[in-house]
Amino acid sequence: MIDCGDPGPPYGGFRHIATNTKYQSTVTYTCKPDHHLEGEDSQVCQADGLWSGSKPVCLGNVVNYFYPVNYYYFLTNLPRDNTAVFLDN
């Protein structure tokens, strides 16, 4: 019997396995409060023993910003570290 194994939760979220991790089973993903899902919200166990597509991540919502010169400075909670994103205004 083909078993894809537990894919684990996405960063910043949860995974929900309906019955098991065997062929044609589905795992769905949700996020912790103040996070939003980036990617597909589910994966299916395939005949090759791999989960379809890519596991999503849950990104933190913007937690702080200020306006240096003509740039917005956003801090977001991303996998593995905090990343500053500069957007030209």
Side-chain angles (χ1 to χ4, degrees):
M1 179 60 104
I2 297 166
D3 192 327
C4 291
D6 185 346
Y11 178 83
F14 310 97
R15 54 103 177 68
H16 310 278
I17 299 171
T19 54
N20 56 50
T21 58
K22 295 186 178 3
Y23 177 59
Q24 295 186 328
S25 293
T26 300
V27 60
T28 57
Y29 300 100
T30 57
C31 295
K32 294 178 181 178
D34 297 322
H35 287 70
H36 65 276
L37 195 69
E38 288 287 327
E40 297 296 321
D41 65 353
S42 66
Q43 291 180 287
V44 176
C45 181
Q46 303 175 126
D48 60 4
L50 300 174
W51 290 102
S52 63
S54 299
K55 183 166 59 172
V57 295
C58 293
L59 301 179
N61 295 329
V62 173
V63 295
N64 193 9
Y65 65 88
F66 59 93
Y67 307 96
V69 190
N70 291 326
Y71 292 89
Y72 290 106
Y73 181 68
F74 292 92
L75 295 177
T76 53
N77 183 13
L78 296 176
R80 297 188 186 89
D81 62 7
N82 284 328
T83 301
V85 178
F86 293 89
L87 302 173
D88 192 66
N89 187 1

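Bear in mind that the values here come from a model prediction, so they are computed numbers and not experimental data.
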Contact summary for Leu37 and Cys31, nearest pair of heavy atoms
N-SG, 3.4 Å
Exceeds 12 heavy-atom contacts within 6.0 angstrom, atom CD of Glu40
no
Work out which heavy atom in Pro10 is nearest to a heavy atom in Val57; give both atom names and the distance.
CB-CA, 4.2 Å
Does the side chain to side chain contact (heavy atoms under 4.5 Å, CB included) test come out yes or no for Ser25 and Thr19, once each step is laid out?
CA-CA 7 Å; Ser25 293; Thr19 54; 4.1 Å; yes
Which atom of Lys22 lies closest to which atom of Cys45, heavy atoms considered
O-CB, 3.3 Å
Interatomic spacing from CG in Asp41 to OG1 in Thr30 - rounded to 0.5 Å
9.5 Å
Asp34 side, atom CG; Leu59 side, atom CG - distance, nearest 0.5 Å:
13.0 Å
Could you tell me if the side chain of Tyr11 sits less than 4.5 Å from the side chain of Lys55, heavy atoms only?
no
For Gln46 versus Tyr23, what's the shortest heavy-atom pair and its separation?
C-CD1, 3.5 Å
Would you say Gln43 and Ser52 make side-chain contact, with heavy atoms under 4.5 Å?
yes
Honestly curious: do Ile17 and Val44 fall in one hydrophobic cluster under the side-chain, below-4.5 Å linking rule?
no
Closest contact, heavy atoms only, Cys58 versus His35
O-CD2, 3.5 Å
Can any side-chain N or O of Trp51 pair as donor or acceptor with the backbone N or O of Thr21 at less than 3.5 Å?
no
